[in-house]
Amino acid sequence: MIGVFDSGFGGLTIHEALLQRLPALSFTYLGDHRNAPYGCRDPGEILEITRNNIDRLFQRDCRLVIIACNTASAVALHNLQQYWLKDAWPGRNILGIIVPTIEAATQVPWAINYPVYPQMYANHTVAVFATQRTVDSGTYPVEINQRCPSVEVVQQACPELAGLIEAGAGPIRLRGLIRTYVAALLETMNGRLPESVILGCTHYPLVKNLFQEALPKSVRLLCQPGAVANSFEHYLKRHPEYLKDMPAVPLRTYLTTGDPTQVTALSAGFLGRSILFQGVDRSAPWITAPAAPLRIAARGGL
Ligand code: DGL
């Protein structure tokens with residue numbers, strides 16, 4: 001079983017791409033709707049709730065969990081891999097979604113964390129729309145510039161967007177907000193245009209058409225779900241051990257920490273079909289391992 005986790009609905013954009021690419025595998029999706037949005041939370045809180053949710057997926061026999069959330073990948077993943085995973089769940093693994101995105105944005109494999117020339121996007125400007133916490137982490141500019149020093153990375157935080165998407169806000173409200181964020185980015189750039197854009201929050205592909213509408217036509221939108229699916233398929237070829245005990249008939253399970261009836265009803269608005277969410281036991285203790293010390297690191301298995 002493969003676990004896919006996000007603060008709420010956003011991770012479904014990654015989950016859908018994985019289902020299309022790897023239809024024979026079984027997946028359990030967990031949305032932490034009770035705690036969404038994560039993007040403006042304190043890093044210590046993000047670390048704790050992320051660990052609790054990954055723990056839940058491991059308890060449900062997931063051998064591998066994908067954090068389908070940029071915020072949690074940027075803030076918590078390195079810490080959990082370094083200080084929690086090996087003791088709490090030996091033999092299991094956690095992957096993030098920022099590594100494949102950086103690889104796609106730079107066309108440089110993650111392991112090469114220094115500039116290699118010639119560079120495909122040498123003089124490009126890459127714009128990143130993301131949550132406040134992802135922007136504050138500096139992960140995208142640091143990692144892109146480590147590989148491509150002359151690429152300019154401009155970030156635009158969209159503090160209200162994921163929360164409004166979660167709440168099922170309508171297109172008029174979302175369109176207005178997205179236009180404001182795009183205008184703010186273009187103002188920072190003094191009239192220049194980015195060559196490409198990373199929607200660095202998994203909620204944003206749910207409103208990709210509104211971003212496309214607001215952005216100048218020349219701008220290339222990088223597809224994070226596609227990049228993650230490519231990378232994950234290759235990862236599984238190198239690590240077939242995580243496919244052990246995979247059910248013969250592919251299972252699809254959708255879990256939420258929120259109210260399953262409400263979450264199921266809202267889900268129909270996102271993917272064009274209703275998804276039946278089950279509740280996880282809210283009263284069950286969340287933590288099985290001692291609290292890990294918080295250390296925010298920009299590198300290492302994002
Ligand atoms: N979808 C998540 C991300 O990719 C989190 C958004 C939020 O909960 O604020 O950052």
Side-chain angles (χ1 to χ4, degrees), residues 3-18 29-54 65-78 80 94-102 104-105 127-141 143 155-169 174 177-178 181 197-208 210-211 221-229 231-232 254 256-258 263 266-267 270-271 296 298 302:
V4 179
F5 155 69
D6 179 47
S7 62
F9 290 114
L12 290 173
T13 58
I14 304 287
H15 186 256
E16 285 291 294
L18 295 174
Y29 183 85
L30 171 58
D32 189 9
H33 296 90
R34 180 163 54 147
N35 292 308
Y38 280 13
C40 294
R41 283 182 179 274
D42 176 75
E45 242 173 38
I46 295 170
L47 175 61
E48 191 181 342
I49 52 185
T50 299
R51 181 184 52 205
N52 294 339
N53 284 305
I54 292 173
V65 170
I66 298 169
I67 302 185
C69 172
N70 290 269
T71 311
S73 296
V75 172
L77 177 57
H78 180 69
L80 296 176
I94 313 170
L95 301 174
I97 55 171
I98 294 184
V99 168
T101 313
I102 300 278
V128 181
F129 291 93
T131 66
Q132 190 65 56
R133 204 52 70 217
T134 300
V135 166
D136 292 348
S137 77
T139 304
Y140 277 105
E143 297 299 336
Q155 301 196 93
Q156 176 62 47
C158 310
E160 285 174 72
L161 188 52
L164 278 182
I165 294 171
E166 277 294 305
L174 294 172
L177 190 63
I178 289 168
Y181 292 137
V197 159
I198 296 174
L199 297 183
C201 168
T202 55
H203 281 69
Y204 303 169
L206 293 169
V207 289
K208 185 176 155 192
L210 299 180
F211 271 99
L221 262 193
L222 188 138
C223 175
Q224 186 173 52
V228 172
S231 165
F232 190 56
Y254 295 87
T256 176
T257 58
V263 170
L266 275 174
S267 72
F270 296 118
L271 299 177
I296 311 293
L302 302 164

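As the structure lists them, so they are numbered: ligands from 1, and atoms in each ligand from 1.
- At a heavy-atom cutoff of 4.0 Å, ligand 1 is contacted by both the backbone and the side chain of Cys69.
- Near Pro37, meaning under 4.0 Å from one of its heavy atoms, ligand 1 places the atoms 7 (C), 8 (O), 9 (O).
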List the steps, then state whether side-chain contact (heavy atoms from CB on, under 4.5 Å) holds for Gln224 with Ile97. CA-CA 8 Å; Gln224 186 173 52; Ile97 55 171; 3.8 Å; yes
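- Protein heavy atom closest to atom 10 (O) of ligand 1, with residue, atom name and distance, is Thr71 OG1, 2.6 Å.
- Considering backbone and side-chain atoms alike, Gly39 places an N or O below 3.5 Å from some N or O of ligand 1.
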Go through the steps for Asn70 and Tyr140 under the test side-chain contact (heavy atoms from CB on, under 4.5 Å), then give the verdict. CA-CA 10 Å; Asn70 290 269; Tyr140 277 105; 2.7 Å; yes
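- Atom CD1 of residue Ile49 and atom CG of residue Asn35 lie 4.5 Å apart, to the nearest 0.5 angstrom.
- Of the protein's heavy atoms, Asn70 N, 3.3 Å lies nearest to atom 3 (C) of ligand 1.
- Remark: ligand 1 and Thr131 share no N or O pair separated by less than 3.5 Å (distance only, no angle test).
- With respect to Thr50, the side-chain contact (heavy atoms from CB on, under 4.5 Å) criterion is satisfied by exactly one of Asn53, Leu47, Ile46: Ile46.
- Of the N or O atoms in Thr134, none lie within a sub-3.5 Å distance of an N or O in ligand 1.
- The single protein non-hydrogen atom nearest to atom 7 (C) of ligand 1 is Tyr38 N, 3.3 Å, given as residue, atom name and distance.
- By the 30° and 60° cut-offs, the orientation of the rings of His15 relative to Tyr29 is perpendicular.
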Derivation of the side-chain contact (heavy atoms from CB on, under 4.5 Å) call for Val135 and Val128: CA-CA 8 Å; Val135 166; Val128 181; 5.9 Å; no
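- Using a distance-only test at 3.5 Å, with no hydrogens or angles considered, a donor-acceptor pair links the side chain of His33 to the main chain of Gly31.
- Taking every non-hydrogen atom of Ala162 and a distance limit under 4.0 Å, the qualifying atoms of ligand 1 come out as 6 (C), 7 (C), 9 (O).
- Residues Ala105 and Ile198 approach most closely at CB-CD1, 3.9 Å, considering heavy atoms.
- Of all atoms in ligand 1, numbered sequentially from 1 with element shown, those under 4.0 Å from a heavy atom of His203 are 1 (N), 2 (C), 6 (C).
- When non-hydrogen atoms are compared, ligand 1 lies under 4.0 Å from the backbone of Cys201 as well as from its side chain.
- For ligand 1 and Ser7, the ligand atoms under 4.0 Å from any heavy atom of the residue are 5 (C), 6 (C), 7 (C), 8 (O).
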